[in-house]
Student: 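Before anything else, here's the structure in question.
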Amino acid sequence: MDLGLNDKVAIITGGTQGIGKATALRLAQEGARVVIVARGQEALEATADEIRAAGGKVATVSADVSHPQDCARVIAQACQAFGGVDILVNNAGTSAVGEFESVTDEKWQSDLDLKLFAAIRLIREALPHMKARGGGRIVNVTNIGAKAPAARTMPTTVSRAAGQAMSKALSKEYAPHNILVNTVCIGLVRAGQHESRARKMGVPVEQLYTDMAKSVPLGRVGQAEEAANVIAFLVSAAASFVTGSSINIDGGASAVY
Ligand SMILES: NC(=O)c1ccc[n+]([C@@H]2O[C@H](COP(=O)([O-])OP(=O)(O)OC[C@H]3O[C@@H](n4cnc5c(N)ncnc54)[C@H](OP(=O)(O)O)[C@@H]3O)[C@@H](O)[C@H]2O)c1
């Protein structure tokens with residue numbers, strides 16, 4: 001299937017690890033010019049080298065997307081590098097969960113800054129460029145807790161539910177501009193965050209994945225590439241009538257659609 005991504009300019013936040021890196025590699029493989037965004041300069045360079053070695057076109061932006069001025073700079077640098085923006089994948093994020101009474105105002109604020117306000121600000125900056133190009137694609141990466149929040153999952157589930165609501169409203173508001181907005185809800189997928197957690201727990205990461213897989217009907221944790229494939233489809237010409245949708249990528253784990 002031709003995904004029609006050749007020469008499209010795609011910004012992927014959190015593009016140096018896990019799902020973001022896999023998405024950057026997948027889109028570059030389809031001919032898109034990718035702009036990867038993360039804080040760590042070394043990982044940005046290493047990922048860019050990998051993309052170039054596979055024949056892809058890539059630019060890097062070192063930025064903390066929880067800072068408003070960095071969001072504006074991401075879009076400006078993408079335009080400088082490749083002349084505009086067609087695709088924005090808001091993927092940067094980390095897990096932030098705890099017992100409700102233990103979550104301070106500061107933790108609420110930093111989670112909302114990273115997972116909600118980063119998307120708000122990047123989308124607001126990217127929209128004029130997408131309109132100028134006659135359309136665009138936005139995918140907001142959230143988690144399955146956004147639709148089915150469990151105990152002790154705040155602030156993440158609240159930030160993610162807000163991301164879902166924003167995506168739905170944006171899909172209706174910007175449909176006349178041919179800007180399509182969708183979300184994906186991630187379940188358990190192999191990524192850097194689980195490797196760090198295993199290190200902190202002092203257990204081998206494969207043992208952690210085996211334990212995590214017990215809650216997944218397909219009996220395993222997903223691969224980052226499996227999430228990247230769905231994201232690549234959503235930003236592609238093949239998904240030209242799909243907007244305002246939310247797709248679970250979770251091996252069947254979510255209790256809801
Ligand atoms: N993997 C899962 O099982 C799972 C489950 C549910 C939801 N998700 C969501 O899916 C998305 C991708 O997760 P992942 O597990 O693939 O991530 P990951 O492997 O932990 O990688 C996170 C990426 O985001 C970047 N990042 C983190 N904070 C940032 C900031 N403030 N500004 C810019 N970049 C930042 C990191 O680079 P730097 O640290 O260098 O900035 C890295 O590139 C996240 O939004 C996550 O919450 C994942």
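Read the numbers this way: they start at 1 and go in the same order the structure lists the ligands and their atoms.
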Student: Would you mind listing which atoms of ligand 1 come within a distance below 4.0 Å of any non-hydrogen atom of Gly18?
Tutor: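 Listed by number with element: 16 (O), 19 (O).
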Student: Could you find the nearest protein heavy atom to atom 10 (O) of ligand 1 and give me its residue, atom name and distance?
Tutor: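 The closest heavy atom on the protein side is Val141 CG1, 3.4 Å.
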Student: Please could you name the atoms of ligand 1 that Gly187 approaches to less than 4.0 Å, counting only its heavy atoms?
Tutor: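 Contacts of ligand 1 toward Gly187, numbered from 1: 3 (O), 4 (C), 5 (C), 6 (C).
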Student: Under a heavy-atom criterion of less than 4.0 Å, does Glu195 contact ligand 1?
Tutor: no
Student: Of all the atoms in ligand 1, which lie at a distance below 4.0 Å from a heavy atom belonging to Asp64?
Tutor: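 By the 4.0 Å cutoff, the relevant atoms are 30 (C), 31 (N), 32 (N).
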Student: Identify the protein heavy atom lying closest to atom 15 (O) of ligand 1, giving its residue, its atom name and the separation to 0.1 Å.
Tutor: Gln193 NE2, 2.7 Å
Student: For atom 21 (O) of ligand 1, what is the nearest protein heavy atom, given as residue, atom name and distance?
Tutor: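 Protein heavy atom at minimum distance: Gln17 NE2, 3.2 Å.
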Student: Could an N or O of ligand 1 be found under 3.5 Å from any N or O of Thr16, whether backbone or side chain?
Tutor: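 In this structure, Thr16 places an N or O atom under 3.5 Å from an N or O of ligand 1.
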Student: With a cut-off of 4.0 Å, which atoms of ligand 1 are near a heavy atom of Ile19?
Tutor: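 Selected atoms, number and element: 10 (O), 16 (O).
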Student: Contact between ligand 1 and His194 is defined here as a heavy atom of the residue under 4.0 Å from a ligand atom; is it met?
Tutor: yes
Student: Decide whether the shortest distance between a heavy atom of Thr13 and an atom of ligand 1 is less than 4.0 Å.
Tutor: no
Student: To the closest 0.5 Å, what do you measure between CG (Asp111) and CG (Leu116)?
Tutor: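 Rounded to the nearest 0.5 Å, the CG-CG separation comes out at 9.5 Å.
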Student: How far is atom 33 (C) of ligand 1 from its nearest protein heavy atom, and which residue and atom name does that atom have?
Tutor: Ala63 O, 3.2 Å
